[in-house]
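Scroll down for the structure; my scribbles are underneath it.
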Amino acid sequence: MARVIHVAGGGVFGLAAAWALIRRGAQVTVFEAAAIGAGASGGHVGALAPHAPDPWNTKKQLQLDSLLAAPAFWASVEQASGVPTGYARTGRLQPVPDAQTAARLPARIEAASRHWPADLGMTLTRDPQGPLIPPSPTGLWLTDALTARLNPRATLLALATAIRAGGGRIHEHTPAPNDHTPTVWATGTPGLMALNTALDRRIGQGVKGQSLLLSHAAPNSPQLFADGLHIVPHADGTTAIGSTSENTWDHPGPDDQAQTLLTRATALCPTLAQAPILDIWAGLRPRARSRAPILAPWPGRPGHLIANGGFKIGFGMAPLIADLAARILLDDHADIPDLFTLP
């Protein structure tokens, strides 16, 4: 008889976990208090980019494991749903801003060669390729072939479609019941705030982010990262720009920070100045106090599992978090990385 499991939250952690559970034969119902993608997963950027490989640590290894699992995971979602996620490993281009940074990069490139697959490493170039080339004060650009992208909103649609095709149910505008049914709590910033209260300590908080979506087609171009700004061309003829990280704000909606993003992006790539703005997104991204994702039992609630704190790497970590959640709930898997424990 199929195991009955609830998932609370219709963002990428919740939907990815639901999909992994359905693939393992579970009977899954997703409860979303608002609408699919209403929280942090409803943005535009979709940059699946690794952290710098020097120095190496457990967090970077787990992130790498998830990035390497991504092609098969998202292919399974696309096959089941018939909906494209926009996933592609198109790489990344970063201008080298100064001589001091350039002097540090050989060690970073060597670290990538030790820790990443050989064909996905980093290189320096003086001749970058692609329609979007940001200026480099040094005449050098750092490239890598590990970085990938997907379209966040298309990915959520594909996941929801795959879940339904696999026999799962999704109830929007319906909070999850607080009963004894095994449940994955992937409820983003509201979930972190609830944990702060329930556990009487600070587990995490919401950090405001804003992004823009432009009508600019460069679907095969590497994504760009410069001065903390992501510029990500998507497969559907759009280009995403983002995102801010705001610890204080007057309201959670878009404001003049979005215009600042556009100004910075067009300074890097002037051709974007002519691109119409299709959408501006703003929302609260869940950041755990530990700055790592959380995947941990809810204290005092047997069978209840917290999956939260994706912050800037939620889509990149989703394949790994989803697989571990399914193994914990279906196989009584207990070997959860210490990094993911409640702070």
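Counting begins at 1 with the first residue of the sequence. Bear in mind that the values here come from a model prediction, so they are computed numbers and not experimental data.
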List the atom pairs, donor and acceptor, that lie under 3.5 Å between side-chain atoms in residues 2-23 and the rest of the protein, sequence neighbours left out.
| residue | atom | partner | partner atom | Å |
| --- | --- | --- | --- | --- |
| Arg3 | NH1 | Leu329 | O | 2.7 |
| Trp19 | NE1 | Ser76 | OG | 3.1 |
| Arg23 | NH1 | Ser76 | OG | 3.3 |

Between Gln223 and Ala49, the two heavy atoms sitting closest are OE1-CB, 4.5 Å
Could you work out, with salt bridge (Lys or Arg N to Asp or Glu O under 4.0 Å) as the rule, every residue matching Asp54, not counting sequence neighbours? Arg108
Nearest heavy-atom neighbours spanning Trp141 and Pro134: NE1-O, 2.8 Å
Output, in order, the C-alpha distance, side-chain angles, deciding distance and verdict of side-chain contact (heavy atoms from CB on, under 4.5 Å) for Leu261 and Leu229. CA-CA 8 Å; Leu261 284 176; Leu229 185 70; 3.6 Å; yes
If you measure from the Lys or Arg side-chain nitrogens to the Asp or Glu carboxylate oxygens, is any gap between Lys208 and Asp255 under 4.0 Å? yes
Grouping I, L, V, M, F, W and Y whenever their side-chain heavy atoms are under 4.5 Å apart, do Val45 and Ile36 come out in a common cluster? no
Gln257/Thr244 under side-chain hydrogen bond (donor to acceptor under 3.5 Å, both in side chains): CA gap, chis, key distance, verdict: CA-CA 8 Å; Gln257 292 281 349; Thr244 64; 5.7 Å; no
Side-chain contact test, heavy atoms from C-beta onward, threshold under 4.5 Å: evaluate it for Leu93 versus Gln129 and give yes or no. no
Short side-chain to backbone donor-acceptor contact, Ser66 and Gln63, under 3.5 Å: no
Looking only at the side chains, is there a donor atom on one of Thr183 and Arg301 sitting less than 3.5 Å from an acceptor on the other? no
Tell me the closest heavy-atom pair linking Pro106 and Ala102, and the distance in Å. CD-O, 3.3 Å
Pairing donors with acceptors under 3.5 angstrom, does anything connect the side chains of Gln61 and Asp65? yes
Could you tell me if Thr181 and Asp179 have a donor-acceptor pair between their side chains, going purely by distance under 3.5 Å? yes
Under a 4.5 Å cut-off applied to non-hydrogen side-chain atoms, are His304 and Asn178 in contact? yes
Tell me whether Met193 shares a hydrophobic cluster with Ile203, the cluster being built from Ile, Leu, Val, Met, Phe, Trp, Tyr side chains joined at under 4.5 Å. no
When rounded to the nearest 0.5 angstrom, what distance separates CG in Leu64 from CG in Leu146? 6.0 Å
Is a side-chain donor or acceptor of Ser81 paired with a backbone partner of Val83 at a separation under 3.5 angstrom? yes
Heavy-atom check, side chain of Lys60 versus side chain of Pro53, under 4.5 Å: no
Tell me, do Leu320 and Phe73 make a side-chain contact under 4.5 Å, heavy atoms counted? no
So Leu192 and Ile294, do their side chains get closer than 4.5 Å, heavy atoms only? yes
Spatial distance of atom CG (Asn247) from atom CD (Gln205) [nearest 0.5 Å]: 5.5 Å
For the backbone of Pro222 and the side chain of Thr90, can you confirm whether one donor and one acceptor N or O come within less than 3.5 Å of each other? no
Residues Pro128 and Thr125: closest non-hydrogen pair is N-OG1, 3.9 Å
Exam field: side chain Thr239 to backbone Pro233, donor-acceptor pair closer than 3.5 Å: no
Indicate every side-chain donor-acceptor pair of residues 305-315 with a distance under 3.5 Å to a residue at least two apart or in another chain.
| residue | atom | partner | partner atom | Å |
| --- | --- | --- | --- | --- |
| Asn308 | ND2 | Gly188 | O | 2.9 |
| Lys312 | NZ | Ser245 | OG | 3.2 |

Going by the side-chain contact (heavy atoms from CB on, under 4.5 Å) test, name the single residue among Thr147, Leu150, Val232 that passes it with Leu48. Leu150
Give a yes-or-no answer on whether the side chains of Ser243 and Gln210 include a donor-acceptor pair shorter than 3.5 Å. no
Side-chain touch Leu68/Pro117, heavy atoms, less than 4.5 angstrom: yes
Answer yes or no: is there a donor N or O on one side and an acceptor on the other, between the side chain of His333 and the main chain of Asp335, under 3.5 Å? yes
Contact summary for Pro319 and Gly316, nearest pair of heavy atoms: CD-O, 3.7 Å
Salt bridge (Lys or Arg N to Asp or Glu O under 4.0 Å) partners of Arg287, counting only residues at least two apart: none
Any side-chain heavy atom of Thr29 within less than 4.5 Å of one from His171? yes
Is a side-chain N or O of His251 found less than 3.5 angstrom from the main chain of Gly253, in a donor-acceptor match? yes
Could you tell me whether the side chain of Trp116 reaches within less than 4.5 Å of the side chain of Asp144, counting heavy atoms only? yes
Ignoring hydrogens and angles, tell me if any N or O in the side chain of Lys59 forms a donor-acceptor pair with the backbone of His51 under 3.5 Å. no
Verify, without hydrogens or angle tests, whether Thr266 (side chain) and Thr263 (backbone) share a donor-acceptor contact under 3.5 angstrom. yes
Does a side chain donor of either Thr123 or Thr143 reach within less than 3.5 Å of an acceptor in the other side chain? yes
In a table with atom names and distances, give each donor-acceptor pair under 3.5 Å that connects a side chain of residues 272-281 to protein atoms at least two apart or in another chain.
| residue | atom | partner | partner atom | Å |
| --- | --- | --- | --- | --- |
| Asp279 | OD2 | His44 | NE2 | 3.0 |
| Asp279 | OD2 | Arg153 | NH1 | 3.1 |
| Asp279 | OD2 | Arg153 | NH2 | 3.0 |

So which heavy atom on Asn196 is nearest to which on Gly204, and how close? ND2-O, 2.9 Å
Before you tell me yes or no, could you show the steps for Thr189 and Val207 under side-chain contact (heavy atoms from CB on, under 4.5 Å), namely the whole-Å CA-CA distance, both residues' side-chain angles and the distance that decides it to 0.1 Å? CA-CA 9 Å; Thr189 296; Val207 176; over 6 Å; no
Rounded to the nearest 0.5 angstrom, the OG1-CG distance for Thr341 and Leu339 is 7.5 Å
Counterpart residues, salt bridge (Lys or Arg N to Asp or Glu O under 4.0 Å), relative to Glu110 (two or more places apart): Arg114
Presence of salt bridge, Arg24 and Asp331, under 4.0 angstrom: yes
Examine distances only and state if a side-chain atom of Arg201 and a backbone atom of Pro343 form a donor-acceptor pair shorter than 3.5 Å. yes
Donor-acceptor contact present, side-chain Thr138 to main-chain Val96, <3.5 Å: yes
